[in-house]
Amino acid sequence: MTIRTRFAPSPTGYLHVGGARTALFSYLFARRHGGRFILRIEDTDLERSTAESVNAILEGMAWLGLEYDEGPFYQTHRFDRYNQVIDELLAKGLAYRCDCPKERLDAMREEQMAAKLKPRYDGLCRHRDLDPSQPHVIRFRNPDTGQVVVDDLIRGRMAFDNRELDDLIIRRSDGAPTYNLTVVVDDADMAITHVIRGDDHINNTPRQINILRALGKEPPHYAHVPMILGDDGSRLSKRHGAVSVVAYRDQGYLPEALLNYLVRLGWSHRDREIFSLEEMVELFDIGQVNKAAAAFNTDKLDWLNQHYIQHADPRRIAHLLRPHLGDLGIDPAEGADLTAVVAAQAARAKTLVELARISAFVYRDFEDYEEGAAKKHLRPVAAEPLERLRDRLDMLALADWEPVTLEHTVHRVAEELGLNLGKVAQPLRVAVVGRAASPGLDITLSLVGKEATLRRIDRALAYIRQGSAGV
RNA sequence: GCUCCUAUCGUCUAGUGGUUAGGACGCUGGCCUCUCACGCCGGUAACAGGGGUUCAAAUCCCCUUGGGAGUACCA
C-alpha cells in the first residue's frame, strides 16, 4: 500500500515555524517511503479563514521547497460530501439533532466545573426527535463505554476512556460541518495512511477514531509531533520575534538553513548536524522523533544559516542578495562583480541582510567612520603610511589593480617605513571600508577599485588633519 | 478543576540496564593572522525530586513537582 501523508493547515494566519516543521516531517515521511504528500486547506471556519492566509501558506511551502503531490484541496469545496456523510450518520442513528440553547450549555459547564467534573454535553437531545426545519446542530453519538487505544508512532500507546468524551457537534446551525468531522471524512476519502500533526491534536484523536469507526473505516496511523516553544520555553508567539516562515526569508535566512534547523528540532541522526533535504529524505525516521516540546533557538539557526551562506554557490547567494542590497539603495550592477563580493564576504555574515550591510562599502562611499575604528586607526601617526600608500597605489596601472600586486604594495610600504604590517594595513582598511573589519586588503582594494580607494584615502587624510588641528 | 501528553548541559540532542553520560549551538582559553570572520585545538555545563524493581538504573515501575495541550456551533 502506498504511504500517503498530508499537511492540513487552517488558513487563519501565516505559515509559522511549528506548522512548517510538521509539514516537513510529513513530507519527509512520505518521500522516505516512496509515498505521496498532500496539501489540504482546512477552511471550514468561514469567519476566520482568509485568502491572504492561503497565499501566505502556499508561499511559505514554495519557498521551503516542500512540494506536494496532490492539492491544495479546499474543504469549503467539499460541503456536499460532508453533508452526505452527516445524513448517513443521521439515518443510521449515529448522529442526532440538538437544539440545546447556549445558555443551558454554559450553565451546565459551569456546574460541572464547580463539581470538579470534566465539562461534557449531557446528551439531552439524544432521544428527542427534533423537527429538521427548526434551527439545530448535529451531534455525533459518541460511544459511552469502552476505550479508544491509539498506537502513536512517536508516543507509543495512548488510551482514552469513552466516558471522558461527549457528543461533539459535527454540523453547526448554519449548516457548516466542523473540523472533527471534515478531517475524518477527508483523511478517509483521500486515503491518508499516516496522520502526522501537532500534538495539540492528541485529544481530538479518540473522537476522530470513533467517527471513523461509525463510518465503517479503519483509522490511519498517527504520529503526534511536539510543539515548538519560544527561546524562553514558553509558547511561541510574536513576542519571540519572527514566527512566520516568510519573515525568516525576509530577514535573510536561506530555506535550506531553516529546514535543517527545523528537522533537528526533535529529530537527530547520530552526531550529524548538517542535512540537505535529500539527505533528510534518506535518513528521516518518524519513530525517532522526540516526544518533548523543543525551544526555538535563533543562535543555532544563525550558525546554520552562516554555514549555508558560506558553502552555497556564490552565484546563487549573489542572486538572493540583490534585493537586500536594493533595500539599502544599492544597485550592484554599477560596480564590482557581486559574485566576487559574496565569495569574499560569505564567511562573515549570519544572514543575507548582514551580508548586504557589510558589503555596501564596495558599491558606495560609507557615511561615517565607525567610531572606535577611526579613533584607534585614523590618528596622526597614520598620516605618513596613508600618504605613502596613496602615492604607491596611484602609480599602479589599472591593469595591475589586482590582489597580488595590491598585497605586494601594502607590504612594501610597511617595509619602507619600518612599520609592522598592522600599522599600515589597519589605517588603510578603516580609510577604505569605514570600519576595522573586512576581507583581506588585497581583495578589499581590488573590489573597491582604484578610483574609490584613492578618494577614500584622501578623505581619511583630511579627517586626520582635521582631527589634529582640533587638538 | 478534569482528561491527555511530557521531563539528559542555558538551548537542540545521543543514550533503549553495566558509558570517564557523547555531539552541536552558545559562552570561554589558545592557534592561525593585516582586521573581522572562517577553520583548527582545548575548556565550561546535564540525567527535576522521592520511592521502588535489580548484582547493577539516565534507561523499567509508582508518586511528587515543573512544563504543555485539550476541555467551543476554532482548527
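Not measured: the values here are computed from a predicted model. Atom set for the values below is all heavy atoms of this structure, side chains included, hydrogens, waters and symmetry mates excluded. Just so it is clear: chains get the letters A, B, ... in the order the sequence lines come, proteins before strands, and each one is counted from 1.
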message: So, OP1 or OP2 of B:C74: does either fall under 4.0 Å of a side-chain N or O from A:R172?
response: yes
Check ion pair A:D106-A:R109 (N to O, under 4.0 angstrom): yes
query: Taking the side chain of A:L265 as heavy atoms from C-beta outward, which of B:C12, B:U3, B:A37 is closest to it?
result: B:C12
- prompt: Are the charged groups of A:R157 and A:D152 less than 4.0 angstrom apart, N to O?
  reply: no
- request: Name the nucleic acid region contacted by A:S268, choosing base, sugar-phosphate or nothing; use a 4.0 angstrom heavy-atom cut-off, strictly under.
  value: sugar-phosphate
task: Measure from the side chain of A:D442, starting at C-beta and using heavy atoms only, and say which of B:G1, B:C34, B:A75 lies closest.
output: B:C34
field: Polar side-chain contact A:D43-B:A75 base: donor and acceptor under 3.5 Å
entry: no
Polar pair under 3.5 Å, donor/acceptor by atom type, side chain A:R348, base B:C36: yes
- request: Fit a plane to each ring of A:F29 and A:H194, take the angle between them on a 0 to 90° scale, and name the class: parallel (under 30°), tilted (30 to 60°) or perpendicular (over 60°).
  value: tilted
query: With ring centroids as reference points, do A:W303 and A:Y261 lie under 6.0 angstrom apart?
result: no
- request: Give one of base, sugar-phosphate or nothing for A:G198, where a contact means two heavy atoms less than 4.0 Å apart.
  value: nothing
Presence of A:R109 side-chain N/O under 4.0 Å of B:A72 phosphate oxygens OP1/OP2: yes
- prompt: A:Y248 and A:H16: aromatic ring centres closer than 6.0 Å?
  reply: no
field: Presence of donor-acceptor pair under 3.5 Å, side chain of A:E273 and base of B:G23
entry: yes
- prompt: Within the structure, does a side-chain N or O atom of A:N290 lie under 4.0 Å from either OP1 or OP2 of B:U13?
  reply: yes
query: Given B:A75, B:A37, B:C73, which nucleotide is nearest the side-chain atoms of A:A347?
result: B:A37
task: Would you kindly compare A:A295 and A:R48 by the position of their nearest RNA chain B nucleotide and give the one closer to the 5′ end?
output: A:A295
task: Under 4.0 Å between any heavy atoms, over every strand shown, what does A:H411 touch: base, sugar-phosphate, or nothing? Just pick one.
output: nothing
message: Which is more 5' along RNA chain B, the nucleotide nearest A:K118 or the one nearest A:D45? Just name the residue.
response: A:K118
Pairing partner (Watson-Crick or G-U wobble, both distances under 3.5 angstrom) of B:C4: B:G68
query: Which whole number of Å gives the distance between the C1' atom of B:U11 and that of B:C74?
result: 32 Å
- prompt: When the P atoms of B:G10 and B:G51 are considered, how many whole Å apart are they?
  reply: 23 Å
query: Within less than 4.0 Å of OP1 or OP2 of B:C73, is there a side-chain N or O belonging to A:S173?
result: no
- prompt: Could A:D166 and A:K118 be called an ion pair, given the rule that one side-chain N must be under 4.0 Å from one carboxylate O?
  reply: no
query: When you measure from the side chain of A:R155, which nucleotide among B:G70, B:C5, B:C25 comes out closest?
result: B:C5
task: Give the rounded distance in Å between these two atoms: CH2 of A:W267 and C1' of B:G15.
output: 16 Å
field: A:T44 vs B:A75: side-chain N/O to OP1/OP2 distance below 4.0 Å
entry: yes
- prompt: Looking at A:R429, does any N or O in its side chain come under 4.0 Å of the phosphate oxygens OP1/OP2 on B:A37?
  reply: no
query: In whole angstroms, how far is the P atom of B:A72 from the CD atom of A:E47?
result: 18 Å
message: Please tell me if A:Q288 has a side-chain N or O lying less than 4.0 Å from either OP1 or OP2 of B:G15.
response: yes
message: At 4.0 Å (heavy atoms only), tell me whether A:F160 reaches a base, stays on the sugar-phosphate, or touches nothing.
response: sugar-phosphate
message: Over all strands shown, is A:P439 touching base, sugar-phosphate only, or nothing at heavy-atom distances under 4.0 angstrom?
response: base
message: By the 4.0 Å heavy-atom rule, please label A:L117 as base, sugar-phosphate, or nothing.
response: base
